[in-house]
Amino acid sequence: MRLGAGKIEGILLDADYKDTENASVIRLFLRTESGIKHFEFPSFKPYFYILTDGSLTEKKLLEIEFGEKAAKILAAERMEFENAENAFKIYFSKVSDLMACREEIKHVKGVLEKREYDIPFSKRFLINNALQPMNMIEIELDKEGNATSAKAKELQKSKFKIYSIDIETYSPGKFSSAKKDPIMMISVAGKDYSKVFSYKKKLAKLEFCKIMQNEKAMLEAFVQELKLLEPDIIVTYNGDQFDFPYIKERCKINGVDFKINSDKTEPSASRKGMDTAFRLKGVQHLDAYQMVAFLTRFQVINLIKYDLESVSAALLGKPKDKFDFKNIQEVWEGEKGIEALAKYNLEDSQAAFEIVQKYLPLSIEVCRLGRLTLYDASRITGGMLVEQLLIIKSFEQNLIVPSKPHESTVTERMSQEVEGAFVREPTHGLHENIAVIDFRSFHPTIIITHNVSPETIDCEHKECASGKNVSPTGHYFCEKNQGFIPRNLAEVLKQRFAFKNEFKKAKKSDENYDLLFAKQWAFKIVLNSFFGYLGYPRSRWYCRECGNSILAWTRHYIKQTMHRAEQDGFEVIYGDTDSAMLKLGKKTREDLEKFVEKVNKEVPKPMELELENFYKRGIFVMQKSGNKAAKKRYALIDYKDNLKIVGFEYVRRDWSNIAKQTQKEVIEAVLKEGNPEKAAQIVKKRITDLKEGKVPKKELVVFSEIQKPLEKYDIINPQVSAALKARKKGVKIEVGTIVGYIITRSGKSISEKAELEEFVQEGNYDADYYIMNQVLPAVERIMQELGYTVEDLKHGGKQTKLF
DNA sequence: TAATTCGCTAGACCGA
DNA sequence: TCGGTCTAGCGAA
């Protein structure tokens, strides 16, 4: 359609391919000055590799027919790879021909293996042409308007057109069903833009409402508006599962064209792992719920609950009022309070919009790093991101990519046991003047230091078998040739440190502050995912013995460091995986710094021990049962009075606020003020409040995730019991639902007493439970270290002794 | 379709 | 009714 040769610039939004009768053709979607356009690349053909015994020729390959349609290889080319022999690159006209061939090629005489046959065509194009979605690219067009080349342009700060949408649906029964229940309203929010589409006349007086005749007209107006706005990104909150499939179904029922893809076709749900995702072509669908899951996976954020209200409150500091959906039917039909519903609908869109604004830079860095569309980048896992990066590196370094393992291999790999890290049993009690030291990027630096890689393990060189890369497991790694994994990981590590340093120097007011934060974090994500990927059963670069060797080295190095510290006169009080806690005693900070320096002269580069911080005071407690000090739970306070609480109930979502808050205040009184009497008073006060029935229910909620279908539980614990009761009342409980429950006064066992928060009246709580099973256990072992018993705590101070 | 192990704790379940 | 065992969930690294 587009005629005339020339160049076009634009932001790359998407890549896919289109099938014509004879060919599969790559298309790139660009945000150009005149809107979102797509361009076709007919010269790029689908391909994969075969490894042969050397007996095959190009001519022979071209004669073979595959599948029912007798698909043929378009062209075959001999290839030279460092890590494979007698390889051919075989091209096809269509992806369907490739698929037919890859099924049958193993039966061709002379073919030993197929490789890179499962890399999607459009992803292949982005990888091979070094194209980064969400970045500027330049395309060259020939006279017919076909694109002949595409190349990345210089990095630039991009502004995207982002609009967020949300729907409210009619739900006379328990849940809405797209087949019969209409959409009541649709909100759209963007920068300086707010609109709600509906069809209730009463809403007309709200300036942001656009009122149509009926649902059909509303849907038409909404689709029309999207076409007009032409966003680069459409944001939803759970649009993968709910909004988009629902809108699509309602459009179908009402006979409305839902052609919002940038190529004017209808979008559809696609599989993404176990779930379905909703992919748009060109314009990118960014599901903020998926984005939040992504941020959680990579520990950028840590939230208790993942509904939009909680996420908005936690990330934006804006608590949203929850609409009372119990009466939604009356509201809609009687129109009483319907304005509040419209406002609520709009606020949902706005909240999702703002969440995306805040974290989009990180997702965009992942797009660039992995040459992934925003749709893919925002839903990717750590393992998949590492794999993508290694595929890119293989292409750049002229290496052929290993295949994914068969299912039987995966099962076998899953059954392999691996010994993990070392955790030292702490010295319990209250300690003063503590230093925490740790190895920065421990796993990655061990991989690089000892050249750990699937191709370097137990190499044929005799010298390597007794050299510096012999792991405590007995396996050894080549000293002569740097492995694929360490080589590329070293590059990631270097970039991560560079960006991290740049970010540290940056000021919040700097223009590129957010960008630097995103960059260093994106590299951190990849860096930390490499080790897991080596031991991940579906990995293409799986190496269990590599993983075991790395872990054996972590145990070796941290124990050695602790030993050295003791030799130098420090008291080691704790350590976990990559860290050690030292009591300075009579030693000075300078002594400690010298010690760190000394260790760093001993350990090979790029391994490095760092001083994390000095702490004024710290406390370690005993296990609840068993006569040992508890690992992975402690509290520290630094010299600026910052508390660091680790592992305790305070950081866990499955404890009530009242227990957590009391624990925090107790820790504060003990560590900051060194005042256990005050701590005892705090506990006493809480017990009194509980007894008097004064405690508001939001302080009593315990959160827990339902991790499997309710029927599948062998043991009915409190959260399952509460969930089962709630389901009967019409609450939707799915795998992954996080329920908040309260222990009430009605029932015998704790499970019987558990009810979802929303069904509990203020004041209806089992005070005894909250005293004996929440508040006291949370503070008991802390106070025990200071010589206080539970009885002391109940009375608000130490009981006078008889003597 | 999916990174891992180590560790702690609660509360149900179950047999004596 | 008691205490041991098991299921379940979450956090540290």
Side-chain angles (χ1 to χ4, degrees), chain A residues 271-277 296-299 302 304 379-387 404 407 410-411 413-414 416-426 438-439 441-443 525-539 541-542 544 546-548 550-551 554-555 558 574-580 612 621-626 628-634 644-656 659 702-708 712-721 738-739 743 748-754 769 772-774 777-778 780-781:
Chain A
R271 288 196 66 77
K272 194 94 197 175
M274 277 202 334
D275 301 325
T276 49
T296 306
R297 236 179 350 258
F298 297 114
Q299 290 158 31
N302 180 19
I304 283 178
R379 292 166 175 83
I380 203 165
T381 62
M384 293 300 97
L385 183 54
V386 170
E387 182 164 296
K404 283 183 186 163
E407 212 45 44
V410 172
T411 316
R413 287 176 180 181
M414 285 199 281
Q416 311 274 14
E417 279 184 20
V418 178
E419 187 187 342
F422 170 70
V423 190
R424 187 195 186 280
E425 190 188 325
D438 60 10
F439 283 100
S441 301
F442 206 20
H443 295 117
I525 287 170
V526 181
L527 186 68
N528 291 341
S529 301
F530 262 75
F531 165 69
Y533 185 69
L534 279 173
Y536 157 57
R538 285 171 204 275
S539 170
W541 281 271
Y542 181 80
R544 181 174 55 101
C546 294
N548 278 334
I550 295 160
L551 285 163
T554 66
R555 296 190 295 269
I558 198 65
Y574 182 59
D576 185 347
T577 311
D578 59 356
S579 71
E612 195 257 342
V621 301
M622 297 299 285
Q623 289 173 333
K624 172 113 192 199
S625 42
K628 287 180 179 165
K631 298 169 176 179
K632 297 185 189 283
R633 13 177 73 205
Y634 57 87
K644 186 175 175 180
I645 300 177
V646 178
F648 275 121
E649 286 76 4
Y650 175 70
V651 299
R652 298 178 65 95
R653 72 168 167 211
D654 54 353
W655 281 77
S656 62
V702 173
F703 293 101
S704 190
E705 187 180 353
I706 299 296
Q707 292 186 340
K708 52 185 182 182
K712 294 213 171 157
Y713 279 86
D714 291 332
I715 288 176
I716 308 303
N717 55 26
Q719 66 265 34
V720 173
S721 166
I738 291 163
V739 294
I743 303 304
K748 279 183 185 157
S749 67
I750 294 170
S751 286
E752 276 177 43
K753 293 177 181 180
Y769 168 83
M772 299 308 290
N773 297 33
Q774 291 279 330
E780 187 182 343
R781 276 151 293 147

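In the text below, chain A, chain B and the rest are named by the order of the sequence lines, each starting its count at 1.
- To the nearest angstrom, P of B:dT9 lies 14 Å from CD of A:Gln774.
- Here B:dC13 presents its C1' atom at 6 Å from CD1 of A:Ile715, a figure rounded to the nearest Å.
- Between A:Arg653 atom CZ and B:dT9 atom C1' there is a gap of 16 Å when expressed in whole angstrom units.
- Residues passing the ring-ring contact (aromatic ring centres under 6.0 Å, His included) test with A:Phe298 are A:Phe294, sequence neighbours excluded.
- When all heavy atoms of A:Glu419 and A:Arg555 are compared, the closest pair comes out as O-NH1, 3.2 Å.
- Across all strands, A:Ser751 comes closer than 4.0 Å only to sugar-phosphate atoms, never to a base (heavy-atom distances).
- Every residue two or more places apart in sequence or in another chain that forms a ring-ring contact (aromatic ring centres under 6.0 Å, His included) with A:Phe531 is listed here: A:His443.
- As judged by a 4.0 angstrom heavy-atom cut-off over every strand, A:Asn773 is placed among residues touching the sugar-phosphate backbone only.
- Per the geometry, CZ belonging to A:Phe422 stands 19 Å off C1' belonging to B:dT4, to the nearest Å.
- Counting 5' to 3', DNA chain C first comes under 4.0 angstrom of a heavy atom of chain A and last does so at the ends given by C:dT7 to C:dA13.
- We find that CD of A:Glu649 is positioned 7 Å from P of B:dT9, with the value rounded to whole Å.
- Residue A:Arg781 places at least one side-chain N or O under 4.0 Å from the OP1 or OP2 atom of B:dT9.
- Note on A:Lys632: a base of the nucleic acid sits closer than 4.0 angstrom, heavy atoms only.
- Contact between the side-chain N/O atoms of A:Asn717 and the OP1/OP2 oxygens of B:dA10 is not found at any separation under 4.0 Å.
- Annotation: the span from A:Tyr533 atom OH to A:Met384 atom CE amounts to 6.0 Å, rounded to 0.5 Å.
- One interatomic measurement links the two molecules: CZ of A:Arg413 to P of B:dT4, which rounds to 13 Å at whole-angstrom precision.
- B:dA2 and C:dA13 have their P atoms separated by 27 Å, given to the nearest Å.
- Using a 4.0 Å cut-off, some side-chain N or O of A:Arg633 falls inside it from OP1 or OP2 of B:dT9.
- Cation-pi geometry between A:Lys631 and A:Tyr574 is not met at under 6.0 angstrom from the ring centre and within 45 degrees of the axis.
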- [ ] Go through the steps to decide whether A:Glu387 and A:Arg538 satisfy the test salt bridge (charged side-chain N to carboxylate O under 4.0 Å, His left out), and finish with yes or no.
- [x] CA-CA 10 Å; A:Glu387 182 164 296; A:Arg538 285 171 204 275; over 6 Å; no

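- Contact check, A:Ser529 against B:dA3: no side-chain N or O comes under 4.0 Å of OP1 or OP2.
- Residue A:Tyr536 contributes atom OH, which lies 6 Å from atom P of B:dA3 at whole-angstrom precision.
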